[in-house]
Amino acid sequence: MKALVPVKRVIDYNVKPRVKSDGSGVDLSNVKMSMNPFDEIAVEEAVRLKEAGAVSEIVAVSVGPAKAQETLRTALAMGADSAVLVETDETVEPLAVAKILKAVAAEIEPGLIILGKQAIDDDSNQTGQMLAALMDLPQGTFASKVLVEGDYVKVTREVDGGLETVKLSIPAIITTDLRLNEPRYASLPNIMKAKKKPLETKTPADYGVDIAPRLKTLNVSEPPVRQAGVKVADVDELVARLKAMGVA
Ligand code: AMP
């Protein structure tokens, strides 16, 4: 069976985001961009499933600007077999991404679609769930363990109360949590090989998807600066201060 792995190009997780002075969004000029960390985990899981013989082919897909090709090349260097870039310079909201992924999946017919649980730029945590609804497929979100058994996949999920295991019939949708695996680094020979792997470019219009935004960002602002702490001499002073603040 094939695995489809959507990967998003996002601001690198080591970069401290700067808010644009007009409050319209995050300033992305001259900022390092990388593959969304949860998507690296998704690629890694697909590669491990391929190594274990459960998956025969891995297709990576990204919706984004031409530069997202670099992100797809990283996925190819990690072990994906081919890639599709659905190119657009517009901001694409999770619902539009999910619609595009549905159309891509209709062509590729994957047994598993493995997404990240969330993109660290918008923190939506919506795309996988929306895709499952649009495609009417079972979903195992926040996966910390994935086990393919014949026509089923067992997904252990991180939920508030601990771990829950669900058994999904394939085709199915999985979203990855942090503890699923530790992604490999692409080796230099694999980076070189990845340059020769097929990368197809399409547009949202090729899939008949209207990506016009449905949400309006009113304002983006920095979080309030944290107040300095105070050292107290003893418990009595602590209680007195808390009482004065009205919390005790
Ligand atoms: P989100 O719902 O935006 O938090 O994203 C959840 C997951 O959906 C990500 O980890 C990716 O696997 C996938 N995804 C979201 N946006 C894109 C995109 N533009 N291109 C490819 N995959 C995406």
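Keep in mind the model is a prediction, meaning the values are calculated, not measured. Order of appearance sets the numbers: ligands from 1, and atoms from 1 within every ligand. Residue numbers count from 1 along this sequence.
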Exercise. Can you tell which part of L115 has a heavy atom less than 4.0 Å from ligand 1: side chain, backbone, both or neither?
Worked result: both

Problem set entry | Nearest-option assignment for atom 22 (N) of ligand 1, heavy atoms, candidates P6, A98, P37 | P6

Exercise. Looking just at side-chain N and O atoms, do T165 and T156 make a donor-acceptor pair shorter than 3.5 Å?
Worked result: yes

Exercise. Which residues pass the side chain to side chain contact (heavy atoms under 4.5 Å, CB included) test with E70, sequence neighbours left out?
Worked result: K67

Problem set entry | Residue of the set I114, L112, L131, L101 for which side chain to side chain contact (heavy atoms under 4.5 Å, CB included) holds with I173 | L131

Exercise. Partners of R18 by side chain to side chain contact (heavy atoms under 4.5 Å, CB included), sequence neighbours excluded?
Worked result: D27, V31

Seminar exercise, completed: When distances are taken from atom 16 (N) of ligand 1, the protein heavy atom at minimum range is K8 CD, 3.4 Å

Problem set entry | D121/K8 ion pair, N-O < 4.0 Å | yes

Problem set entry | Contact with ligand 1 for G128, non-hydrogen, under 4.0 angstrom | no

Exercise. Under 3.5 Å, N or O to N or O, is T127 touching ligand 1 that way?
Worked result: yes

Exercise. Should you measure from each heavy atom of N36, which atoms of ligand 1 turn up under 4.0 Å away?
Worked result: 9 (C), 10 (O)

Exercise. Under a 4.0 Å N-O cut-off, is there an ion pair linking E44 with R184?
Worked result: yes

Exercise. Can N125 and Q129 be counted as having a side-chain donor-acceptor contact under 3.5 angstrom?
Worked result: yes

For this session: For atom 20 (N) of ligand 1, find the nearest protein heavy atom and state the residue, atom name and distance (0.1 Å precision).
Result: V63 N, 3.0 Å

Exercise. Atoms of ligand 1 less than 4.0 Å from S124 heavy atoms?
Worked result: 1 (P), 2 (O), 3 (O), 4 (O)

For this session: Report yes if F38 has an N/O atom closer than 3.5 Å to an N/O atom of ligand 1; otherwise report no.
Result: no

Seminar exercise, completed: Taking only non-hydrogen atoms of N125 and a 4.0 Å limit, the atoms of ligand 1 in range are 1 (P), 2 (O), 4 (O)

For this session: Answer yes or no: is there an ion pair linking D81 with K2, defined by an N-O contact shorter than 4.0 Å?
Result: no

For this session: Report the part of D122 (side chain from C-beta onward, or backbone N, CA, C, O) that has a heavy atom under 4.0 Å from ligand 1; answer both or neither where that applies.
Result: side chain

Problem set entry | Carboxylate-amine/guanidinium proximity below 4.0 Å for R9 and E40 | no

Exercise. Side chain or backbone of T175 under 4.0 Å from ligand 1, or both, or neither, by non-hydrogen atoms?
Worked result: neither

Exercise. Quick one: which ligand 1 atoms are inside 4.0 Å of a heavy atom on V7?
Worked result: 20 (N), 21 (C), 22 (N)

For this session: Indicate, with yes or no, if V5 and V84 share a hydrophobic cluster defined by side-chain heavy-atom contacts under 4.5 Å among Ile, Leu, Val, Met, Phe, Trp and Tyr.
Result: no

Exercise. Is ligand 1 under 4.0 Å from a heavy atom in the side chain of V97, in the backbone, in both, or in neither?
Worked result: side chain

Exercise. Who's closest to atom 10 (O) of ligand 1 heavy-atom-wise, of D39, V43, D121?
Worked result: D39

Exercise. Is the closest N or O pair between G116 and ligand 1 shorter than 3.5 Å?
Worked result: yes

Exercise. Should the pair R179-E158 be classified as a salt bridge under the 4.0 Å nitrogen-to-oxygen rule?
Worked result: yes

For this session: Can you sort out which atoms of ligand 1 are near V61, meaning under 4.0 Å from one of its heavy atoms?
Result: 21 (C)

